[in-house]
**Q** 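Have a look at this one before I ask anything.
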Amino acid sequence: ASFGGAGLDAAGRRALAATDAADFATVLVLLGIYLSILIVAVTMAATIARQGRDIALLRTAGATPGRVRRAVAIQAAVVAIPAALAGVLLGTLACRAWVGSLAGHGVVPTAVAFRFSAVAWPAALGVALGAGVLGALAAAVRPARVRPAVALTETAVPRRTFGPVRTGLGVLLAVGGTVLAVAASTLSADQAEDLGL
C-alpha cells in the first residue's frame, strides 16, 4: 500500500516505478507469509510434543482422542489470536521505519509515506490461526491415539535437549546473519539490494 503511488505526482510515480520497490515489497510479504506459516506450525508442533505427559494424563483420566485434539486446537487458537495482534502492531512499526528509511536514503521518492493496509489484520490472524491450529493438531495425532499406559511410559523417559553441536551451529548462524546484515547496511543502496537477496 505504501508503494502504490498515492499522493505522488506523475514524475514521482515514474520515479517510484523505476525503483521496483513495490515488487521487492511483494516478495518480502510473500516470504514473510511463508516463513510465518512454517515457524508458527513448527513452534506449535514442538509445544504440543513437549506436552506429551499432560496428554498422557488426560488420556489416563478418560479423555477421548477427539477431546484431546479439541483441547489442543483451543490452546493453539488462544495463543494465536493475541500473537497475531501483537505481530501486526510490531510489523506496522517496523514497516513504518523501513519505508521512512527507504525514503530517507533516496531509494524511493521522499514523498512516499507509510500507509497501513486493512488486509494486514485478517491476513495475520488467518496465518497465525490456520498454521497454529493445523500444526498443533498434526502434532497431537499420535499422542491422542496412544494408549494411556504406553503414553505414560514414553513420557517417563526425559526428552533429549539440544546438544553442543546444534547449539553451536545455531549461535554461529545467528551471529553470521547479524554480521552480514550490519555489513550490508553500510553499502550503497544498489549493492545492499543485490546482497540482500
Side-chain angles (χ1 to χ4, degrees), residues 1-47 76-135 162 166-197:
S2 301
F3 300 125
L8 297 177
D9 57 10
R13 282 202 276 303
R14 280 193 303 275
L16 179 61
T19 66
D20 293 328
D23 294 336
F24 187 69
T26 301
V27 169
L28 288 180
V29 167
L30 294 175
L31 281 172
I33 291 170
Y34 167 74
L35 290 174
S36 297
I37 290 170
L38 184 67
I39 290 170
V40 169
V42 168
T43 301
M44 288 308 300
T47 301
V78 166
V79 170
I81 292 171
L85 297 178
V88 169
L89 290 174
L90 290 173
T92 300
L93 294 174
C95 188
R96 181 181 302 275
W98 181 62
V99 171
S101 177
L102 289 177
H105 286 89
V107 177
V108 296
T110 55
V112 172
F114 172 77
R115 286 185 30 215
F116 180 77
S117 174
V119 176
W121 289 103
L125 194 57
V127 167
L129 270 175
V133 170
L134 290 176
F162 295 131
R166 194 170 180 183
T167 302
L169 285 173
V171 169
L172 178 68
L173 289 172
V175 170
T178 303
V179 167
L180 290 175
V182 170
S185 69
T186 63
L187 300 173
S188 68
D190 291 338
Q191 290 175 316
E193 180 182 10
D194 293 338
L195 183 62
L197 289 174

**Q** Ignoring hydrogens, what is the shortest heavy-atom contact between Pro109 and Ala103? Give both atom names and the distance.
**A**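 Scanning both residues completely, I find the closest heavy atoms to be O-CB, 3.9 Å.
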**Q** On a heavy-atom basis, which atom in Val127 and which in Ser36 lie closest, and how many Å separate them?
**A**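 Looking at all heavy atoms of both residues, the closest pair is CG1-CB, 3.8 Å.
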**Q** Please give me the minimum heavy-atom distance between Val88 and Ala120, naming the atom from each residue.
**A**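 That would be CG2-O, 3.8 Å.
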**Q** Which atom pair, heavy atoms only, marks the closest approach of Ala80 to Ala128?
**A**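 Between these two residues, the closest heavy atoms are CB-O, 3.6 Å.
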**Q** Just wondering, are more than 12 heavy atoms of other shown residues or ligands nearer than 6.0 Å to CZ in Phe116?
**A**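 Counting neighbours around CZ of Phe116, more than 12 heavy atoms of other residues, nucleotides or ligands fall under 6.0 Å, so yes.
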**Q** Locate the shortest heavy-atom distance separating Ala84 from Ala124; write the atom from each residue and the value.
**A**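 Nearest pair, atom of Ala84 first, then Ala124: CB-O, 3.8 Å.
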**Q** Side-chain polar contacts of residues 169-185 - donor-acceptor pairs under 3.5 angstrom, sequence neighbours left out - could you list them?
**A**
unit_1, atom_1, unit_2, atom_2, d
Thr178, OG1, Ala174, O, 2.9
Ser185, OG, Val182, O, 2.6

**Q** With side chain to side chain contact (heavy atoms under 4.5 Å, CB included) as the criterion, how do Val99 and Val112 come out once you've worked through the C-alpha distance, each side chain's angles and the decisive distance to 0.1 Å?
**A** CA-CA 8 Å; Val99 171; Val112 172; 4.1 Å; yes
**Q** Quick one: list whatever passes side chain to side chain donor-acceptor pair (under 3.5 Å) with Ser188, sequence neighbours left out.
**A**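 Ser188 satisfies side chain to side chain donor-acceptor pair (under 3.5 Å) with Gln191 only.
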**Q** Please list all pairs meeting side chain to side chain donor-acceptor pair (under 3.5 Å) that have one or both residues in residues 80-108, counting only residues at least two apart or in different chains.
**A**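 The answer is Ser101-His105.
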**Q** For the residue pair Ile33 and Ile37, establish whether any side-chain heavy-atom pair is separated by less than 4.5 Å.
**A**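 Sidechains of Ile37 and Ile33: in contact.
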**Q** Side chain to side chain contact (heavy atoms under 4.5 Å, CB included), that's the test. Do Leu89 and Leu85 meet it? Break it down for me.
**A** CA-CA 6 Å; Leu89 290 174; Leu85 297 178; 5.6 Å; no
**Q** Rounded to the nearest 0.5 Å, what separates atom CG in Leu35 from atom CG in Leu30?
**A**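 One gets 11.0 Å once the value is rounded to the nearest 0.5 Å.
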